[in-house]
Enquirer: 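Sharing a structure with you now.
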Amino acid sequence: MQYASTRNSTVSVTAARAITDGLAPDGGLYVPTEIPEISLRDIMRLADKSYIDRAKTVLSLYLDGFTPEDIDECVEGAYKKGKFDSIAVAPVVKLTENEYILELFKGPTCAFKDMALQLLPYLMTVSAGKRLAGKEIAILVATSGDTGKAALEGFKDVKGTKIIVFYPEQGVSNMQKLQMATQEGSNVGVAAVRGNFDDAQNGVKAIFTDKEILEKLKQNNLVFSSANSINWGRLVPQIVYYISAYCDLLKNGKIKLGEKINIVVPTGNFGNILAAYYAMRMGLPVNKLICASNKNKVLADFIETGVYDRNREFYNTVSPSMDILISSNLERLLYHFSGEDCSLTASWMELLREEGKYTVNGIVKSRLNEFFSAGFCSEEETLATVADCFNTYGYLPDTHTAVGINVYKKYKNKTGDTSVTVIAATASPYKFPGAVLRAIKGEQPQGDEFEMLAELENLSKVAVPEQLAGLKDKSVRFDKICDKNNMAEAVLSMLGI
Ligand SMILES: *Cc1c(COP(=O)(O)O)cnc(C)c1O
(Lines give C-alpha, C1' and ligand atoms only; values in the text may rest on other atoms or scores of the structure.)
Protein backbone atom coordinates (compact mmCIF):
# COMPACT_ATOMS: atom_id res chain seq x y z
CA MET A 1 0.00 0.00 0.00
CA GLN A 2 1.22 3.48 -0.87
CA TYR A 3 0.73 6.93 0.62
CA ALA A 4 -0.68 9.99 -1.18
CA SER A 5 -0.55 13.63 -0.10
CA THR A 6 -3.75 15.35 1.03
CA ARG A 7 -2.82 18.14 -1.38
CA ASN A 8 -1.93 15.91 -4.33
CA SER A 9 -3.65 12.57 -4.66
CA THR A 10 -1.39 11.50 -7.56
CA VAL A 11 1.60 11.34 -5.20
CA SER A 12 2.46 7.76 -4.36
CA VAL A 13 5.22 7.02 -1.85
CA THR A 14 6.20 4.12 0.38
CA ALA A 15 5.57 3.96 4.12
CA ALA A 16 9.32 4.45 4.69
CA ARG A 17 9.26 7.64 2.65
CA ALA A 18 6.12 8.95 4.40
CA ILE A 19 7.73 8.36 7.79
CA THR A 20 11.12 9.90 7.00
CA ASP A 21 9.56 12.91 5.22
CA GLY A 22 7.04 13.67 7.97
CA LEU A 23 5.29 16.33 5.89
CA ALA A 24 4.78 15.88 2.12
CA PRO A 25 6.87 18.28 0.01
CA ASP A 26 3.71 20.09 -1.16
CA GLY A 27 2.85 20.90 2.45
CA GLY A 28 0.13 18.25 2.62
CA LEU A 29 -0.07 15.27 4.97
CA TYR A 30 0.54 11.69 3.90
CA VAL A 31 -2.52 9.45 3.90
CA PRO A 32 -2.89 5.76 3.02
CA THR A 33 -4.29 5.27 -0.48
CA GLU A 34 -6.36 2.37 0.77
CA ILE A 35 -7.54 1.63 4.28
CA PRO A 36 -6.84 -2.02 5.13
CA GLU A 37 -9.60 -4.16 6.59
CA ILE A 38 -9.81 -6.06 9.80
CA SER A 39 -12.61 -8.62 10.06
CA LEU A 40 -14.56 -9.69 13.13
CA ARG A 41 -12.70 -12.99 12.92
CA ASP A 42 -9.38 -11.14 13.04
CA ILE A 43 -10.62 -9.21 16.06
CA MET A 44 -11.72 -12.42 17.78
CA ARG A 45 -8.31 -13.95 17.13
CA LEU A 46 -6.51 -10.86 18.46
CA ALA A 47 -8.58 -10.89 21.65
CA ASP A 48 -6.44 -13.78 22.92
CA LYS A 49 -3.16 -12.08 22.05
CA SER A 50 -0.85 -9.68 23.85
CA TYR A 51 -0.61 -5.98 23.06
CA ILE A 52 2.64 -6.65 21.22
CA ASP A 53 0.99 -9.23 18.95
CA ARG A 54 -1.98 -6.98 18.31
CA ALA A 55 0.39 -4.15 17.37
CA LYS A 56 2.36 -6.37 14.98
CA THR A 57 -0.82 -7.43 13.18
CA VAL A 58 -2.17 -3.90 12.76
CA LEU A 59 1.14 -2.31 11.80
CA SER A 60 1.93 -4.93 9.19
CA LEU A 61 -1.28 -3.94 7.37
CA TYR A 62 -0.01 -0.38 6.95
CA LEU A 63 3.77 -0.72 6.64
CA ASP A 64 4.31 -2.22 3.22
CA GLY A 65 7.99 -2.60 2.57
CA PHE A 66 8.73 -3.47 6.20
CA THR A 67 9.65 -7.14 6.57
CA PRO A 68 8.07 -9.21 9.37
CA GLU A 69 11.48 -9.08 11.09
CA ASP A 70 11.49 -5.26 10.84
CA ILE A 71 8.05 -5.12 12.44
CA ASP A 72 8.99 -7.58 15.19
CA GLU A 73 12.07 -5.56 16.06
CA CYS A 74 10.20 -2.23 16.11
CA VAL A 75 7.21 -3.40 18.13
CA GLU A 76 9.17 -5.49 20.62
CA GLY A 77 11.65 -2.67 21.15
CA ALA A 78 8.89 -0.16 21.81
CA TYR A 79 6.58 -2.13 24.08
CA LYS A 80 8.89 -4.67 25.71
CA LYS A 81 8.61 -5.45 29.39
CA GLY A 82 9.66 -2.59 31.63
CA LYS A 83 8.94 0.22 29.17
CA PHE A 84 5.34 0.67 30.31
CA ASP A 85 4.05 0.53 33.87
CA SER A 86 1.46 -2.09 32.91
CA ILE A 87 1.89 -5.47 31.25
CA ALA A 88 -1.27 -4.67 29.30
CA VAL A 89 0.58 -1.55 27.92
CA ALA A 90 -2.77 0.23 27.42
CA PRO A 91 -5.09 -1.19 30.11
CA VAL A 92 -8.86 -0.80 30.11
CA VAL A 93 -10.30 0.17 33.51
CA LYS A 94 -13.96 -0.05 34.46
CA LEU A 95 -15.89 2.99 35.69
CA THR A 96 -19.37 1.49 35.36
CA GLU A 97 -20.84 -1.53 33.57
CA ASN A 98 -20.83 0.34 30.27
CA GLU A 99 -18.19 3.03 30.75
CA TYR A 100 -14.49 2.24 30.52
CA ILE A 101 -11.27 4.23 30.69
CA LEU A 102 -8.51 3.34 28.25
CA GLU A 103 -5.33 4.25 30.12
CA LEU A 104 -2.81 5.47 27.58
CA PHE A 105 -0.39 7.08 30.04
CA LYS A 106 1.62 4.14 31.38
CA GLY A 107 4.73 5.01 29.37
CA PRO A 108 7.98 6.73 30.35
CA THR A 109 6.59 10.31 30.22
CA CYS A 110 3.09 9.64 31.62
CA ALA A 111 1.10 10.85 28.58
CA PHE A 112 -0.50 9.00 25.67
CA LYS A 113 2.16 10.37 23.32
CA ASP A 114 4.47 7.58 24.55
CA MET A 115 2.26 5.02 22.83
CA ALA A 116 3.44 6.35 19.47
CA LEU A 117 6.73 7.99 20.37
CA GLN A 118 8.27 4.88 21.88
CA LEU A 119 7.69 3.20 18.52
CA LEU A 120 8.40 6.06 16.10
CA PRO A 121 12.22 6.07 16.57
CA TYR A 122 12.29 2.40 15.56
CA LEU A 123 10.05 3.03 12.55
CA MET A 124 12.21 6.02 11.64
CA THR A 125 15.48 4.09 11.91
CA VAL A 126 14.19 1.20 9.80
CA SER A 127 12.73 3.63 7.24
CA ALA A 128 15.95 5.64 7.08
CA GLY A 129 17.91 2.44 6.55
CA LYS A 130 15.72 1.70 3.53
CA ARG A 131 16.13 5.07 1.85
CA LEU A 132 18.49 7.53 3.52
CA ALA A 133 21.64 5.50 4.01
CA GLY A 134 24.36 7.63 5.61
CA LYS A 135 22.22 10.71 6.24
CA GLU A 136 21.40 11.99 9.69
CA ILE A 137 17.80 12.88 10.57
CA ALA A 138 16.99 16.10 12.42
CA ILE A 139 13.61 15.79 14.10
CA LEU A 140 11.81 19.07 14.75
CA VAL A 141 8.92 19.14 17.18
CA ALA A 142 6.42 21.79 18.23
CA THR A 143 4.72 20.75 21.43
CA SER A 144 1.82 21.82 23.59
CA GLY A 145 3.63 19.98 26.37
CA ASP A 146 3.42 16.23 26.14
CA THR A 147 4.69 15.46 22.63
CA GLY A 148 7.95 17.26 23.34
CA LYS A 149 8.91 15.21 26.33
CA ALA A 150 7.71 11.94 24.80
CA ALA A 151 9.66 12.62 21.60
CA LEU A 152 12.82 13.58 23.51
CA GLU A 153 12.57 10.42 25.57
CA GLY A 154 11.91 8.27 22.49
CA PHE A 155 14.75 9.70 20.38
CA LYS A 156 17.39 10.39 23.03
CA ASP A 157 20.71 8.85 21.99
CA VAL A 158 19.11 7.09 19.00
CA LYS A 159 21.93 6.76 16.47
CA GLY A 160 21.65 8.84 13.31
CA THR A 161 19.11 11.25 14.80
CA LYS A 162 19.03 14.66 16.46
CA ILE A 163 15.93 16.10 18.05
CA ILE A 164 14.91 19.71 18.72
CA VAL A 165 11.77 20.66 20.62
CA PHE A 166 9.96 24.01 20.83
CA TYR A 167 7.27 24.66 23.43
CA PRO A 168 5.17 27.78 24.17
CA GLU A 169 6.81 29.58 27.09
CA GLN A 170 3.55 30.21 28.98
CA GLY A 171 1.57 27.31 27.56
CA VAL A 172 2.75 24.21 29.44
CA SER A 173 2.39 23.00 33.03
CA ASN A 174 5.33 23.36 35.45
CA MET A 175 5.76 19.61 35.47
CA GLN A 176 5.85 19.47 31.67
CA LYS A 177 8.42 22.28 31.58
CA LEU A 178 10.58 20.54 34.15
CA GLN A 179 10.39 17.25 32.25
CA MET A 180 11.75 18.90 29.11
CA ALA A 181 14.28 21.25 30.73
CA THR A 182 15.98 18.32 32.47
CA GLN A 183 16.05 16.01 29.43
CA GLU A 184 19.15 13.85 29.15
CA GLY A 185 20.83 12.64 25.97
CA SER A 186 23.62 13.81 23.67
CA ASN A 187 21.44 14.50 20.60
CA VAL A 188 18.67 16.63 22.14
CA GLY A 189 17.83 20.37 22.19
CA VAL A 190 14.94 22.25 23.79
CA ALA A 191 13.82 25.89 23.53
CA ALA A 192 10.80 27.85 24.74
CA VAL A 193 9.03 30.16 22.24
CA ARG A 194 7.46 33.53 23.09
CA GLY A 195 4.01 32.71 21.72
CA ASN A 196 1.39 30.00 21.91
CA PHE A 197 1.36 26.46 20.51
CA ASP A 198 0.03 27.56 17.12
CA ASP A 199 2.99 29.97 16.81
CA ALA A 200 5.42 27.16 17.60
CA GLN A 201 3.71 24.78 15.17
CA ASN A 202 3.57 27.37 12.38
CA GLY A 203 7.25 28.17 12.97
CA VAL A 204 8.23 24.52 12.66
CA LYS A 205 6.09 24.02 9.54
CA ALA A 206 7.73 27.07 7.93
CA ILE A 207 11.23 25.77 8.68
CA PHE A 208 10.39 22.42 7.05
CA THR A 209 9.76 24.09 3.70
CA ASP A 210 12.35 26.91 3.86
CA LYS A 211 14.55 26.46 0.78
CA GLU A 212 17.65 28.12 2.25
CA ILE A 213 17.58 26.05 5.39
CA LEU A 214 16.94 22.87 3.43
CA GLU A 215 20.00 23.63 1.28
CA LYS A 216 22.10 24.13 4.39
CA LEU A 217 20.94 20.81 5.76
CA LYS A 218 21.77 19.08 2.51
CA GLN A 219 25.34 20.41 2.62
CA ASN A 220 25.65 18.93 6.09
CA ASN A 221 24.23 15.55 5.13
CA LEU A 222 21.12 16.11 7.26
CA VAL A 223 17.39 15.79 6.50
CA PHE A 224 14.44 17.05 8.49
CA SER A 225 11.65 14.93 9.79
CA SER A 226 8.79 15.41 12.20
CA ALA A 227 7.67 13.64 15.33
CA ASN A 228 4.42 15.59 15.47
CA SER A 229 1.18 13.84 14.62
CA ILE A 230 1.46 15.21 11.08
CA ASN A 231 3.86 12.25 10.66
CA TRP A 232 2.08 9.07 9.61
CA GLY A 233 4.46 7.14 11.84
CA ARG A 234 2.87 8.88 14.82
CA LEU A 235 -0.66 7.99 13.83
CA VAL A 236 -0.35 4.36 12.91
CA PRO A 237 0.72 3.15 16.39
CA GLN A 238 -2.34 4.90 17.81
CA ILE A 239 -4.75 2.83 15.71
CA VAL A 240 -3.57 -0.24 17.61
CA TYR A 241 -4.88 0.71 21.04
CA TYR A 242 -8.45 1.26 19.94
CA ILE A 243 -8.53 -2.20 18.43
CA SER A 244 -6.79 -3.51 21.54
CA ALA A 245 -9.39 -1.93 23.83
CA TYR A 246 -12.18 -3.59 21.85
CA CYS A 247 -10.35 -6.92 22.14
CA ASP A 248 -10.05 -6.51 25.92
CA LEU A 249 -13.75 -5.71 26.31
CA LEU A 250 -14.59 -8.73 24.17
CA LYS A 251 -12.27 -11.02 26.05
CA ASN A 252 -13.72 -9.94 29.39
CA GLY A 253 -17.29 -10.50 28.25
CA LYS A 254 -18.21 -6.81 28.40
CA ILE A 255 -19.34 -6.75 24.75
CA LYS A 256 -20.37 -9.29 22.13
CA LEU A 257 -18.41 -9.72 18.91
CA GLY A 258 -19.66 -7.10 16.46
CA GLU A 259 -21.30 -4.92 19.15
CA LYS A 260 -20.71 -1.24 18.44
CA ILE A 261 -18.97 0.90 21.02
CA ASN A 262 -18.51 4.65 21.41
CA ILE A 263 -15.03 6.10 21.63
CA VAL A 264 -14.47 9.42 23.41
CA VAL A 265 -11.23 11.33 22.84
CA PRO A 266 -10.05 14.56 24.48
CA THR A 267 -8.85 16.34 21.38
CA GLY A 268 -6.38 19.03 20.37
CA ASN A 269 -4.50 18.43 17.14
CA PHE A 270 -7.07 15.79 16.06
CA GLY A 271 -4.42 13.03 15.89
CA ASN A 272 -5.67 10.69 18.57
CA ILE A 273 -9.30 10.76 17.46
CA LEU A 274 -8.25 10.42 13.82
CA ALA A 275 -6.52 7.16 14.73
CA ALA A 276 -9.86 5.98 16.17
CA TYR A 277 -11.49 6.95 12.88
CA TYR A 278 -9.00 4.80 10.94
CA ALA A 279 -9.71 1.90 13.32
CA MET A 280 -13.41 2.29 12.58
CA ARG A 281 -12.82 2.49 8.81
CA MET A 282 -10.80 -0.72 9.07
CA GLY A 283 -13.88 -2.46 10.45
CA LEU A 284 -13.79 -1.95 14.20
CA PRO A 285 -17.47 -1.82 15.30
CA VAL A 286 -17.92 1.80 16.39
CA ASN A 287 -21.15 3.70 16.90
CA LYS A 288 -19.90 7.27 17.47
CA LEU A 289 -16.54 8.94 17.79
CA ILE A 290 -17.00 11.65 20.38
CA CYS A 291 -14.65 14.60 20.08
CA ALA A 292 -14.15 16.42 23.38
CA SER A 293 -12.80 19.99 23.37
CA ASN A 294 -11.84 22.26 26.24
CA LYS A 295 -12.60 26.00 26.28
CA ASN A 296 -10.66 26.31 22.98
CA LYS A 297 -13.63 24.67 21.30
CA VAL A 298 -12.83 25.28 17.63
CA LEU A 299 -13.29 21.57 16.84
CA ALA A 300 -16.55 21.12 18.72
CA ASP A 301 -17.94 24.14 16.84
CA PHE A 302 -16.65 22.77 13.55
CA ILE A 303 -18.24 19.37 13.98
CA GLU A 304 -21.53 20.98 14.93
CA THR A 305 -21.66 23.64 12.20
CA GLY A 306 -19.26 22.66 9.40
CA VAL A 307 -17.51 26.02 9.80
CA TYR A 308 -13.91 25.99 10.97
CA ASP A 309 -13.08 29.39 12.40
CA ARG A 310 -9.86 30.05 14.23
CA ASN A 311 -10.55 33.79 14.51
CA ARG A 312 -11.32 33.71 18.19
CA GLU A 313 -9.72 34.29 21.53
CA PHE A 314 -7.08 31.76 22.60
CA TYR A 315 -7.29 30.53 26.19
CA ASN A 316 -4.64 28.97 28.40
CA THR A 317 -6.59 26.26 30.23
CA VAL A 318 -6.07 23.59 32.90
CA SER A 319 -5.84 21.07 30.03
CA PRO A 320 -2.93 22.78 28.22
CA SER A 321 -2.17 19.92 25.81
CA MET A 322 -5.47 20.69 24.10
CA ASP A 323 -4.93 24.46 23.84
CA ILE A 324 -4.86 24.57 20.06
CA LEU A 325 -6.77 26.54 17.44
CA ILE A 326 -5.28 24.90 14.32
CA SER A 327 -5.88 21.16 14.36
CA SER A 328 -3.47 19.84 11.75
CA ASN A 329 -4.81 16.33 11.40
CA LEU A 330 -8.28 17.48 10.49
CA GLU A 331 -6.81 17.89 7.00
CA ARG A 332 -6.59 14.11 6.68
CA LEU A 333 -10.24 13.67 7.64
CA LEU A 334 -11.34 16.35 5.16
CA TYR A 335 -9.41 14.55 2.44
CA HIS A 336 -11.14 11.26 3.13
CA PHE A 337 -14.60 12.78 3.65
CA SER A 338 -14.41 14.82 0.45
CA GLY A 339 -13.83 11.62 -1.51
CA GLU A 340 -10.03 12.02 -1.70
CA ASP A 341 -10.47 15.42 -3.30
CA CYS A 342 -7.02 16.99 -2.94
CA SER A 343 -7.84 20.31 -4.63
CA LEU A 344 -10.84 20.88 -2.39
CA THR A 345 -8.79 19.95 0.68
CA ALA A 346 -5.93 22.22 -0.39
CA SER A 347 -8.35 25.10 -1.01
CA TRP A 348 -9.80 24.81 2.51
CA MET A 349 -6.29 24.76 3.97
CA GLU A 350 -5.43 27.86 1.98
CA LEU A 351 -8.52 29.63 3.29
CA LEU A 352 -7.49 28.62 6.79
CA ARG A 353 -4.06 30.13 6.24
CA GLU A 354 -5.28 33.33 4.58
CA GLU A 355 -8.55 34.03 6.37
CA GLY A 356 -8.43 31.72 9.36
CA LYS A 357 -11.75 30.20 8.32
CA TYR A 358 -13.43 27.78 5.91
CA THR A 359 -16.80 26.09 5.48
CA VAL A 360 -17.00 22.49 4.30
CA ASN A 361 -19.51 21.29 1.73
CA GLY A 362 -22.69 19.30 2.39
CA ILE A 363 -21.10 15.91 1.77
CA VAL A 364 -18.33 16.45 4.32
CA LYS A 365 -20.82 17.92 6.78
CA SER A 366 -23.13 14.92 6.53
CA ARG A 367 -20.23 12.48 6.99
CA LEU A 368 -19.10 14.44 10.04
CA ASN A 369 -22.58 14.09 11.53
CA GLU A 370 -22.78 10.43 10.67
CA PHE A 371 -19.56 9.38 12.41
CA PHE A 372 -18.80 12.08 14.96
CA SER A 373 -20.40 13.80 17.86
CA ALA A 374 -18.70 16.66 19.70
CA GLY A 375 -18.92 18.82 22.75
CA PHE A 376 -16.85 21.02 25.01
CA CYS A 377 -16.15 21.50 28.66
CA SER A 378 -15.52 24.77 30.53
CA GLU A 379 -12.73 25.26 33.05
CA GLU A 380 -15.10 24.97 36.02
CA GLU A 381 -16.66 21.83 34.57
CA THR A 382 -13.23 20.28 34.04
CA LEU A 383 -12.29 20.71 37.69
CA ALA A 384 -15.74 19.64 38.88
CA THR A 385 -15.46 16.47 36.76
CA VAL A 386 -12.06 15.55 38.24
CA ALA A 387 -13.58 15.82 41.73
CA ASP A 388 -16.82 14.11 40.80
CA CYS A 389 -15.10 11.17 39.12
CA PHE A 390 -12.79 10.72 42.11
CA ASN A 391 -15.62 10.96 44.65
CA THR A 392 -18.09 8.80 42.74
CA TYR A 393 -15.89 6.06 41.29
CA GLY A 394 -12.68 6.41 43.30
CA TYR A 395 -10.92 7.03 39.99
CA LEU A 396 -8.67 10.08 39.71
CA PRO A 397 -8.53 11.39 36.12
CA ASP A 398 -6.19 14.09 34.86
CA THR A 399 -7.68 17.34 33.56
CA HIS A 400 -7.60 16.26 29.88
CA THR A 401 -9.30 12.97 30.60
CA ALA A 402 -11.88 14.90 32.66
CA VAL A 403 -12.77 16.91 29.56
CA GLY A 404 -13.53 13.60 27.82
CA ILE A 405 -15.60 12.28 30.72
CA ASN A 406 -17.61 15.50 30.96
CA VAL A 407 -18.36 15.70 27.24
CA TYR A 408 -19.38 12.04 27.25
CA LYS A 409 -21.84 12.59 30.14
CA LYS A 410 -23.40 15.47 28.20
CA TYR A 411 -23.62 13.28 25.09
CA LYS A 412 -25.28 10.49 27.05
CA ASN A 413 -27.80 12.83 28.67
CA LYS A 414 -28.66 14.39 25.34
CA THR A 415 -28.96 11.21 23.28
CA GLY A 416 -29.86 8.53 25.80
CA ASP A 417 -27.27 6.34 24.05
CA THR A 418 -26.07 3.72 26.53
CA SER A 419 -23.71 1.82 24.19
CA VAL A 420 -20.56 0.56 25.88
CA THR A 421 -18.16 3.50 25.77
CA VAL A 422 -14.39 3.77 25.94
CA ILE A 423 -12.94 7.09 27.10
CA ALA A 424 -9.30 7.70 26.22
CA ALA A 425 -7.31 8.76 29.32
CA THR A 426 -4.51 10.79 27.80
CA ALA A 427 -2.32 11.70 30.79
CA SER A 428 -1.53 10.73 34.35
CA PRO A 429 -3.12 13.04 36.95
CA TYR A 430 0.37 13.49 38.41
CA LYS A 431 1.41 15.40 35.32
CA PHE A 432 -0.94 18.23 36.31
CA PRO A 433 -0.82 18.05 40.10
CA GLY A 434 -1.66 21.74 40.70
CA ALA A 435 -4.96 21.67 38.81
CA VAL A 436 -5.92 18.18 39.95
CA LEU A 437 -5.34 19.02 43.62
CA ARG A 438 -7.23 22.27 43.27
CA ALA A 439 -10.12 20.27 41.81
CA ILE A 440 -10.39 17.83 44.68
CA LYS A 441 -9.61 20.23 47.53
CA GLY A 442 -11.61 23.15 46.17
CA GLU A 443 -8.77 25.57 46.90
CA GLN A 444 -5.41 26.60 45.51
CA PRO A 445 -2.83 24.05 46.75
CA GLN A 446 0.28 25.19 48.62
CA GLY A 447 3.85 24.07 48.08
CA ASP A 448 5.99 23.13 45.09
CA GLU A 449 5.28 20.49 42.44
CA PHE A 450 6.80 17.72 44.49
CA GLU A 451 4.90 18.56 47.66
CA MET A 452 1.75 18.51 45.53
CA LEU A 453 2.64 15.09 44.15
CA ALA A 454 3.02 13.75 47.67
CA GLU A 455 -0.29 15.24 48.79
CA LEU A 456 -2.07 13.83 45.76
CA GLU A 457 -0.60 10.41 46.38
CA ASN A 458 -1.81 10.55 49.94
CA LEU A 459 -5.34 11.37 48.83
CA SER A 460 -5.62 9.00 45.89
CA LYS A 461 -3.58 6.08 47.25
CA VAL A 462 -2.15 5.60 43.75
CA ALA A 463 1.66 5.72 43.70
CA VAL A 464 3.39 8.69 42.03
CA PRO A 465 5.15 7.43 38.88
CA GLU A 466 8.88 7.25 39.51
CA GLN A 467 9.63 9.13 36.27
CA LEU A 468 7.91 12.23 37.74
CA ALA A 469 9.05 11.91 41.35
CA GLY A 470 12.63 11.48 40.12
CA LEU A 471 12.67 14.87 38.35
CA LYS A 472 13.34 16.46 41.71
CA ASP A 473 16.97 15.40 41.65
CA LYS A 474 17.70 16.30 38.02
CA SER A 475 19.41 19.52 36.98
CA VAL A 476 18.04 21.95 34.36
CA ARG A 477 19.95 21.68 31.07
CA PHE A 478 17.79 23.88 28.81
CA ASP A 479 16.55 27.37 29.64
CA LYS A 480 16.73 29.15 26.28
CA ILE A 481 13.74 31.28 25.18
CA CYS A 482 13.44 32.49 21.58
CA ASP A 483 11.11 34.79 19.64
CA LYS A 484 8.72 33.09 17.26
CA ASN A 485 10.53 34.81 14.38
CA ASN A 486 13.91 33.43 15.43
CA MET A 487 13.11 29.73 15.51
CA ALA A 488 15.04 29.02 12.31
CA GLU A 489 18.24 30.49 13.75
CA ALA A 490 17.71 28.54 16.95
CA VAL A 491 17.46 25.33 14.92
CA LEU A 492 20.64 26.00 12.97
CA SER A 493 22.52 26.90 16.11
CA MET A 494 21.33 23.79 17.97
CA LEU A 495 22.30 21.65 14.97
CA GLY A 496 25.68 23.38 14.99
CA ILE A 497 25.51 24.27 11.26
C1 LIG B 1 -1.65 15.68 22.98
C2 LIG B 1 -2.66 15.54 24.05
C3 LIG B 1 -4.04 15.62 23.77
C4 LIG B 1 -4.57 15.94 22.38
O5 LIG B 1 -4.31 14.92 21.47
P6 LIG B 1 -4.41 15.20 19.89
O7 LIG B 1 -3.92 13.97 19.24
O8 LIG B 1 -3.50 16.38 19.66
O9 LIG B 1 -5.81 15.53 19.60
C10 LIG B 1 -4.93 15.39 24.81
N11 LIG B 1 -4.49 15.14 26.05
C12 LIG B 1 -3.19 15.06 26.35
C13 LIG B 1 -2.78 14.79 27.76
C14 LIG B 1 -2.23 15.25 25.37
O15 LIG B 1 -0.93 15.16 25.68
Side-chain angles (χ1 to χ4, degrees), residues 35-62 71 75-76 78-79 81 84-107 112 115-116 119 235-266 272-292 370-373 393 395 397 401 404-405 408 411-412 415-426:
I35 295 176
E37 282 180 21
I38 180 160
S39 67
L40 291 180
R41 275 183 70 172
D42 294 331
I43 291 172
M44 198 167 72
R45 193 174 47 79
L46 288 179
D48 288 324
K49 300 272 166 100
S50 66
Y51 192 87
I52 287 187
D53 289 335
R54 292 170 185 170
K56 286 179 185 172
T57 301
V58 175
L59 288 172
S60 63
L61 297 174
Y62 282 98
I71 296 206
V75 171
E76 282 162 22
Y79 303 119
K81 231 172 137 189
F84 285 73
D85 282 344
S86 161
I87 37 165
V89 182
V92 174
V93 175
K94 180 174 155 181
L95 278 191
T96 70
E97 210 40 61
N98 50 13
E99 297 162 339
Y100 296 85
I101 299 279
L102 170 59
E103 292 192 331
L104 301 173
F105 55 77
K106 297 294 189 180
F112 89 89
M115 298 299 302
L119 182 59
L235 275 183
V236 66
Q238 299 182 178
I239 300 171
V240 177
Y241 49 70
Y242 293 110
I243 295 174
S244 177
Y246 192 94
C247 289
D248 283 348
L249 290 172
L250 186 65
K251 186 174 161 185
N252 294 320
K254 305 299 182 190
I255 52 173
K256 293 198 223 34
L257 187 64
E259 184 175 337
K260 287 188 174 180
I261 62 168
N262 294 322
I263 297 176
V264 184
V265 187
N272 203 4
I273 194 164
L274 186 71
Y277 168 76
Y278 281 115
M280 183 186 78
R281 281 284 305 273
M282 290 174 74
L284 192 72
V286 173
N287 177 39
K288 283 278 180 196
L289 299 168
I290 300 168
C291 174
E370 184 184 343
F371 298 116
F372 288 83
S373 178
Y393 308 113
Y395 185 86
T401 307
I405 295 170
Y408 167 64
Y411 165 85
K412 196 166 120 184
T415 60
D417 177 6
T418 55
S419 311
V420 169
T421 296
V422 169
I423 301 165
T426 49

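Heavy atoms only: backbone and side chains are in, while hydrogens, waters and symmetry mates are out. For the single chain, residues carry numbers from 1 onward in sequence order.
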Enquirer: Could you walk me through whether F372 and I273 satisfy the side-chain contact (heavy atoms from CB on, under 4.5 Å) test, starting with their C-alpha distance in whole Å, then the side-chain angles of each, then the deciding distance to 0.1 Å, before giving a yes or no?
Expert: CA-CA 10 Å; F372 288 83; I273 194 164; 3.9 Å; yes
Enquirer: Got a sec: does the CD of E370 have more than 12 other heavy atoms crowding it under 6.0 Å?
Expert: yes
Enquirer: Please determine whether side-chain contact (heavy atoms from CB on, under 4.5 Å) holds for the pair T57 and D42, giving the CA-CA distance in whole Å, both sets of side-chain angles, and the decisive distance to 0.1 Å.
Expert: CA-CA 9 Å; T57 301; D42 294 331; over 6 Å; no
Enquirer: Please evaluate residues Y278 and V236 with respect to the criterion side-chain contact (heavy atoms from CB on, under 4.5 Å), reporting the C-alpha separation (whole Å), side-chain torsions for both, the decisive distance (0.1 Å), and the verdict.
Expert: CA-CA 9 Å; Y278 281 115; V236 66; over 6 Å; no
Enquirer: Looking at CD1 of I405 and CD1 of I423, how far apart are the two atoms once the value is rounded to the nearest 0.5 Å?
Expert: 5.5 Å
Enquirer: Does some side-chain heavy atom of K106 sit less than 4.5 Å from a side-chain heavy atom of P91?
Expert: yes
Enquirer: Any salt bridge (charged side-chain N to carboxylate O under 4.0 Å, His left out) involving residues 277-292? Give me the pairs, sequence neighbours left out, ordered by first then second residue.
Expert: none
Enquirer: Taking C-beta and beyond as the side chain, do Y393 and K94 meet within less than 4.5 Å on heavy atoms?
Expert: no
Enquirer: Relative to each other, are the rings of F84 and Y79 parallel, tilted or perpendicular (30° and 60° limits)?
Expert: tilted
Enquirer: Run the side chain to side chain donor-acceptor pair (under 3.5 Å) test against T401 and tell me which residues pass, sequence neighbours left out.
Expert: D398
Enquirer: Would you mind listing every side chain to side chain donor-acceptor pair (under 3.5 Å) that reaches into residues 247-266, with sequence neighbours excluded?
Expert: R54-D248, N262-N287, N262-D417, N262-T421
Enquirer: For a quick test of reading the model, state the closest non-hydrogen atom pair linking I243 to A279 and the distance between them.
Expert: CG1-CB, 4.2 Å
Enquirer: Using side-chain contact (heavy atoms from CB on, under 4.5 Å) as the criterion, list what pairs up with A276, not counting sequence neighbours.
Expert: Y242, I263, L289
Enquirer: With T96, which residues qualify under side chain to side chain donor-acceptor pair (under 3.5 Å), at least two apart?
Expert: N98, E99
Enquirer: Can you sort out the partners of D85 under side chain to side chain donor-acceptor pair (under 3.5 Å), two or more places apart, ordered by chain and number?
Expert: none
